[in-house]
Amino acid sequence: MDAPAPDRFYVTTPIYYVNGTPHIGHAYTTILADVLTRYHRLFGRQAYFLTGTDEHGLKVQQAAEAACMEPKAYCDSMVGNFKDLWDRLGIRYDRFIRTTDDNHIAYVHEILQRLWDAGEIYSSSYQGWYCIPDERFWTEKDLVDGNCPECGREVIELEEENYFFRMGSYGDWLIEHIEANPDFIFPETRRNEVLGFLRRGLEDLCVSRPKSRLIWGIPLPFDHEYVTYVWFDALLNYVSAVEEISGPNGEDKWWPADLHLIGKDIITTHCVYWPTMLKAAGLELPKRIAAHGWWLVEEEKMSKSRGNVVKPLDLAEQYGVDAFRYFLMREMTVGQDRSFNEVDMVQRYNSELANDLGNALSRVTKMILRYRDGVLGQPADGDEKLEVEMKAIASKAVVNVPAAVEALQINRAVDEVMELVRATNRYLEMREPWQLAKDEQKKSLLDTTLYTAVESLRLAGVLLYPVMPEKTVRLMEQLGFYPDMTGGDYESLTAWGVLEPGSSIPGGESLFPRIELPEDLRD
Ligand code: MSP
């Protein structure tokens, strides 16, 4: 993006349906938000990371009934599944919102009342097609082969009195906004999809459900016989969560969000309903909405019925949290689908983390222990060609990682760092410090070589910290570097030559021991 970097970064994930079991898709989005938050803090910005659960609606009501529980008690019993998993995956959010939180409910009331008073919501009789699982109304022309255009499932014909938001009057305005702001929807394919949808004409949006059909929702403030449509309630979480911390006069204002992360299946709600709701309520629009693709299993969507759901905790427990985070970030290009494959994960771990990064670290720390009693030597003044090259590769990574993060290309950011790690290994092969150690005349070059390798690996640790917060802190500790990574002074952390000659290099146990492919995955 060309605009000057703001000093604040507010990122959100979708709020997950509380009745679901979190799988790799949910874990991916939430880890991505965590990684972005940590990067932005590292770049010196203040960041706020919001996630939570979507607790109203028919699906939750039905799940509670099936469990013979009151809906709220049922939600209370389920929410821990998400919080525990995020904890175990090293995810540090700033706020976990639940749509049953009192202040969220009060905020939804405030907005509904504002729109009602402004004539943006009206009552009318509705006749159309309804998708029960998605809780969405569709017009005849929206249907695909007579089925729900979003999920492909059967729809039923329905007629009832309801409340409608004048969404249709904002179609042209939204087209203009999207055209004038190329970064608003990412990636471009999704942007075009939304524009196509809008150009077919925008209808008003039904924002109520009669209590005869659904009780588990936020009652409309102006008609208690109705509850609020679950998406209208859910989308407002992004503002309600930060409203209450914004201070009495908005001195600590976080809205508008810098980034909404979503999956590609919920773009209509986020890129059409949400901006029009905000516009009508007189609120600012989010700066960017990024839709990622799906994690597939053998090219198919994961589902309970297919029995192919990938469980994040199992993988994190078997291979380590950071290895799992690394793999998700390394493999996925934000915006595209990706097939998950455990064999690929083990192979990538072995080749990139065990072989490239882990080996470089243990080689270098062991040599310093062996040849220099664990003390970092003084590099020579004036660089030779190889050292000039190493420093150039390192500073390229320092510049390119923030650019890649800004462009949501986390896989490219990771690759930039791994290129530095591979270059360090090549550098060691060329300098052959194990040969230099045999020759007293080469003492200075040996110190230069070890110093150059240590600084490169230290930088790799800083730059990969957001992706692997636990392992990289240990990596940096093994190099005698103990920075506070929660804030961030990017320039000083990534300057060349931060480690003082004469400082001790403690080393330690292997960070990424090789993994054998589990027996059931061998062919
Ligand atoms: N509650 C709504 C969101 C409301 S936001 C105001 C919802 N919840 S969900 O739990 O069903 O899905 C949450 C997210 O998970 C969506 O972004 C969806 O795209 C994502 N994923 C579901 N399956 C997925 C994969 N297989 N891979 C990647 N993400 C996937 O929708």
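When a ligand or atom number is given, it counts from 1 through the structure's own listing order.
The residue from F340, Y349, Y28 that alone fulfils the ring pair (Phe, Tyr, Trp, His ring centres under 6.0 Å) condition with F327 is F340.
Of all the atoms in ligand 1, the ones that sit under 4.0 Å from a non-hydrogen atom of I266 are 16 (C), 17 (O), 31 (O). Ligand-side atoms of ligand 1 in range of G263: 17 (O), 19 (O), range being under 4.0 angstrom from any heavy atom. With ligand atoms numbered from 1 in the order given, ligand 1 contributes 28 (C), 29 (N) to contacts under 4.0 Å with heavy atoms of H292. The contact set between ligand 1 and H270, taken as ligand atoms under 4.0 Å from a residue heavy atom, comprises 5 (S), 6 (C). Distances below 4.0 Å separate heavy atoms of A234 from the following atoms of ligand 1: 6 (C). Below 4.0 Å from some heavy atom of Y238 lie the following atoms of ligand 1, by number and element: 5 (S), 6 (C).
Atoms NE2 and CZ, from H292 and R338 in turn, are 15.0 Å apart once rounded to the nearest 0.5 Å. Atom CH2 of W86 and atom NE2 of H26 lie 7.5 Å apart (nearest 0.5 Å).
Residue-level proximity to ligand 1 for Y28 is absent, since no heavy atom of it falls below 4.0 angstrom.
Taking distance alone, with nitrogen or oxygen atoms compared against 3.5 Å, K264 stays at or beyond that limit from ligand 1. Close N/O approach between D265 and ligand 1 is found [any backbone or side-chain N/O within under 3.5 Å]. Polar contact check, Y17 against ligand 1: a nitrogen or oxygen pair lies under 3.5 Å apart. Where the criterion is an N or O separation shorter than 3.5 Å, residue side chain and backbone included, D54 meets it with respect to ligand 1. Checked by distance only, ligand 1 and I262 stay at 3.5 Å or farther apart across all their nitrogen or oxygen atoms.
A distance below 6.0 Å separates the ring centres of Y163 and F222. Ring centroids of F137 and Y126 are separated by less than 6.0 Å, placing the two rings close together. Taking the six-membered ring where the residue is Trp, the centroids of Y10 and Y48 are separated by under 6.0 Å.
Contact analysis leaves A291 out of contact with ligand 1, as no non-hydrogen atom separation drops below 4.0 angstrom.
Scanning all protein heavy atoms for the shortest distance to atom 21 (N) of ligand 1 gives W294 NE1, 4.1 Å.
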